[in-house]
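Heads up: the structure comes next, in structure tokens.
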Amino acid sequence: MQVRRLHPWPSSVAEAESIQDRLRGHVELTGPTGFALVAGLDVHYHGDDAVTAAVVVLDGSTLAPVEHVVAEGRVAFPYVPGLFAFRELPALIDALQRLTVTPDLLVCDGYGLAHPRGFGLACHLGVLTALPALGVGKTPFIGTHEPPGPERGAWTPIVHEGATVGRALRTQRGVKPVYVSQGHRISLDTATDQVLRLTARFRLPEPIRHADHLARHPS
DNA sequence: GCGACAG
DNA sequence: ATCTTGTCGC
């Protein structure tokens, strides 16, 4: 599939932040509610700066695997909180470009709108591909929230600077919540519905679990 | 064995 | 993010 190059690669923190500030204006917070093909993305780190990126495409209704791609790369930016996306983007884009099918939704391992400048990895991937995208974080990042109720499906808003930027969502009884935020071309209600639909069995969405497995054990 | 969770 | 050890439970 096609991935647009909307910016040069940043050579400083200030450049990276200004790219996020500019692309933030491209994010759309509404979109389709159903998705025929759902992709999960993840990156595994090895050694000093090697990364393996994996993209797995599943049938949106049966969750049967349709296609997967693995790409090797290098960490592309130093670790700076809020600029995490720049570490992984080149390897993820490389993997996406090698897909022969175009997914209808990207399920990203990380944050979207719930980010210091409102432009986390899920927003970045959504805008570069023009596809609906959502982010699922495993630990709280920004904003404040109450713990959601104990039953599967319970959620509470994540509020940052007076705005709702995501939801803490209980995907299974007796497990820690996940943190859902919009990436691109999706509403928060739809993002929440999709994450719940993709977590019938485990805490994390099936597409992310598949991608995580593949990135760790390429085969 | 795998998943969740602890330290 | 990674790695390692161990417990509990399905």
Side-chain angles (χ1 to χ4, degrees), chain A residues 9-10 13 16-17 20 39-56 58 63-65 68-96 106-112 114-117 119-125 133-143 145-156 166-181 183 195-219:
Chain A
W9 200 250
V13 164
E17 288 176 343
Q20 291 182 328
L41 299 86
D42 194 30
V43 171
H44 182 244
Y45 291 70
H46 341 230
D48 279 344
D49 66 348
V51 293
T52 302
V55 179
V56 178
L58 306 182
L63 303 190
H68 61 254
V69 171
V70 174
E72 302 296 335
R74 304 266 152 195
V75 168
F77 205 79
Y79 176 69
V80 180
L83 301 180
F84 171 72
F86 291 97
R87 289 172 81 66
E88 305 192 341
L89 271 172
L92 286 171
I93 289 168
D94 188 10
L96 284 168
L106 303 181
V107 180
C108 307
D109 185 22
Y111 282 87
H115 171 276
R117 275 170 302 283
F119 196 77
L121 176 65
C123 299
H124 211 133
L125 283 166
L134 64 85
V136 178
K138 294 185 281 287
T139 56
F141 185 25
I142 59 155
H145 62 91
E146 297 298 319
E151 54 308 317
R152 166 171 157 83
W155 58 264
T156 53
R167 288 174 182 167
L169 174 67
R170 191 86 62 189
T171 56
Q172 300 293 332
R173 178 160 217 119
V175 306
K176 290 188 299 183
V178 301
Y179 303 89
V180 178
S181 55
V195 171
L196 271 180
R197 221 176 50 72
L198 296 169
T199 52
R201 308 157 52 123
F202 303 112
R203 180 167 85 118
L204 294 176
E206 216 70 36
I208 288 183
R209 291 167 40 81
H210 283 253
D212 181 82
H213 248 229
L214 196 56
R216 285 174 198 271
H217 314 288
S219 55

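Within every chain, numbering begins at 1; the chains are lettered A, B, ... in the order of the sequence lines, protein sequences first and strands thereafter.
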Measure the distance from CZ on Arg170(A) to C1' on dC5(B) and round it to the nearest whole Å. 14 Å
Gap between atoms CD1 and C1', on Ile208(A) and dA1(C) respectively (whole Å): 15 Å
For this output row, return yes or no: ring centroids of His124(A) and Phe86(A) closer than 6.0 angstrom. yes
To the nearest Å, give me how far apart CG (Asp212(A)) and P (dG3(B)) are. 10 Å
Leu121(A) side chain reached by Leu92(A) side chain, heavy atoms, under 4.5 Å: yes
By the 4.0 Å heavy-atom rule, please label Tyr79(A) as base, sugar-phosphate, or nothing. nothing
Sugar-phosphate, base or nothing in reach of His44(A), heavy atoms under 4.0 Å: sugar-phosphate
Whole angstroms only, please: what is the CG-P distance between Leu83(A) and dA1(C)? 17 Å
d(NE2, His210(A); C1', dC2(B)) in whole Å: 14 Å
Starting at atom CZ of Arg87(A), determine the distance to atom C1' of dA1(C), rounded to an integer number of angstrom. 7 Å
Pick base, sugar-phosphate or nothing for Arg203(A), based on heavy-atom distances below 4.0 Å to the nucleic acid. sugar-phosphate
Under 3.5 Å: donor-acceptor pair, side chain of Arg152(A), backbone of Arg170(A): no
Is there a donor-acceptor pair under 3.5 Å between the side chain of Arg87(A) and the backbone N or O of Phe77(A)? yes
With heavy atoms under 4.0 Å as the rule, sort Arg209(A) into base, sugar-phosphate or nothing. sugar-phosphate
